[in-house]
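For reference, positions follow the sequence shown, starting with 1.
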Amino acid sequence: MAQARAKARTSRRESVSGERFAVFAECLLTGVWIAVACLGVVSYPAAFAAGARHLRRRTTHQGGGLGEFARDFRTALRGGWIVGLAGWAVAGAVWVDVLAVRAGLPGGPLVGAVGVLALIGAAVALLRAAAVWAPGTAWRAALADAGRRTVLDPAGSFLVVCGLAVVALSAGFVPPLAVPVLGAVAAAAVAVEERYRHR
């Protein structure tokens with residue numbers, strides 16, 4: 001009897017470990033899918049939305065796969081490309097701020113710091129919006145809600161910033177490693193949103 005209980009505990013631990021490894025592997029694979037989908041330059045919001053939706057399906061045992069990722073990506077791209085274009089415009093404005101700092105213009109450092117913080121906040125809000133996106137969700141409403149959550153849940157937003165930092169460091173040390181790590185950032189955003197929902 002005692003042996004049977006010990007065996008059951010061991011198999012439970014192994015199945016939990018196996019499932020966790022499977023989710024980790026799925027995150028890395030999803031990162032590759034996201035990276036490929038981002039090649040459209042303005043398609044990154046749709047790519048992250050499709051990746052996050054795929055990971056939500058995977059963690060709730062609802063199946064999923066490349067076909068469903070592609071369908072979600074096409075659906076999210078309908079309004080998401082405008083968001084992607086706006087994101088590049090914000091990044092361009094921040095780059096101008098950085099140039100002002102380098103040129104030594106009066107007030108440049110303050111303007112540069114505010115610009116960089118605004119860019120980080122916008123990236124976090126975008127990732128949080130992508131984490132809860134579903135077909136039929138308007139990007140404008142999703143971003144407005146995500147912006148509020150970004151401010152009201154600073155701990156969760158900090159976790160997303162840490163995920164972005166991991167991607168940046170990975171790209172700095174081993175550039176190809178940044179590709180699969182994108183899936184981990186999407187997973188972090190999904191986890192942060194789940195945590196916020198259950199607060």
Side-chain angles (χ1 to χ4, degrees), residues 14 16-61 63-74 76-77 80-81 83-88 90-92 94-95 98 115-133 146 150 153-196:
E14 287 174 357
V16 168
S17 297
E19 186 169 338
R20 287 178 180 162
F21 183 75
V23 170
F24 175 69
E26 198 70 34
C27 287
L28 298 181
L29 176 63
T30 304
V32 174
W33 294 350
I34 289 171
V36 170
C38 284
L39 292 176
V41 181
V42 295
S43 59
Y44 59 92
F48 274 100
R53 189 161 155 79
H54 169 72
L55 290 172
R56 286 197 317 265
R57 275 194 301 265
R58 175 65 182 87
T59 55
T60 55
H61 306 288
L66 183 56
E68 288 186 18
F69 173 88
R71 277 193 295 277
D72 285 337
F73 174 69
R74 283 193 300 271
L77 192 58
W81 71 270
V83 176
L85 194 60
W88 283 115
V90 169
V94 170
W95 180 247
V98 170
V116 169
L117 287 175
L119 181 63
I120 291 169
V124 170
L126 174 65
L127 285 168
R128 293 188 77 151
V132 297
W133 178 89
T150 298
D153 180 26
S157 298
F158 178 71
L159 291 173
V160 176
V161 169
C162 289
L164 291 169
V166 168
V167 171
L169 289 171
S170 299
F173 290 121
V174 185
L177 189 59
V179 170
V181 171
L182 290 173
V185 172
V190 168
V192 162
E193 287 300 316
E194 272 300 301
R195 172 187 160 277
Y196 183 80

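- For Ala189, the side-chain contact (heavy atoms from CB on, under 4.5 Å) test picks out Leu127, Ala131, with sequence neighbours left out.
- Val190 and Ala52 get closest at one heavy-atom pair: CG2-CB, 3.6 Å.
- For residues 177-192, there are no salt bridge (Lys or Arg N to Asp or Glu O under 4.0 Å) pairs, not counting sequence neighbours.
- When all heavy atoms are compared, the tightest approach of Trp88 to Val41 is NE1-O, 2.7 Å.
- Under the side-chain contact (heavy atoms from CB on, under 4.5 Å) criterion, Val132 pairs with Arg149, Glu193, sequence neighbours left out.
- The side-chain contact (heavy atoms from CB on, under 4.5 Å) test applied to Ala35 returns Val179, Leu182, not counting sequence neighbours.
- Contacts classified as salt bridge (Lys or Arg N to Asp or Glu O under 4.0 Å) and involving residues 162-184 (residues at least two apart or in different chains) are not found.
- Every residue meeting the side-chain contact (heavy atoms from CB on, under 4.5 Å) condition with Leu28, not counting sequence neighbours, appears here in chain and number order: Phe24, Pro180.
- Legend: salt bridge (Lys or Arg N to Asp or Glu O under 4.0 Å) pairs involving residues 160-189, not counting sequence neighbours: none detected.
- Residues Ala186 and Ile34 approach most closely at CB-CD1, 3.9 Å, considering heavy atoms.
- Counting only residues at least two apart or on different chains, the side chain to side chain donor-acceptor pair (under 3.5 Å) pairs with a member in residues 35-56 are Glu26-His54, Arg53-Asp72.
- The ring pair (Phe, Tyr, Trp, His ring centres under 6.0 Å) test applied to Phe69 returns Trp33, not counting sequence neighbours.
- Annotation for Leu126 and Val83: closest pair CD1-CG1, 3.7 Å, computed over non-hydrogen atoms.
- In this structure, Val94 and Gly115 approach most closely via the heavy-atom pair CG2-O, 3.2 Å.
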Using a 3.5 Å cut-off and no angle test, enumerate the donor-acceptor pairs between side-chain atoms of residues 154-177 and protein atoms at least two apart in sequence or in another chain.
residue : atom : partner : partner atom : Å
Ser157  : OG   : Arg128  : NH1          : 3.1
Ser157  : OG   : Thr150  : O            : 2.8
Ser157  : OG   : Asp153  : O            : 3.2
Ser170  : OG   : Val166  : O            : 2.7

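- Under the salt bridge (Lys or Arg N to Asp or Glu O under 4.0 Å) criterion, no residue pair touches residues 156-166, with sequence neighbours excluded.
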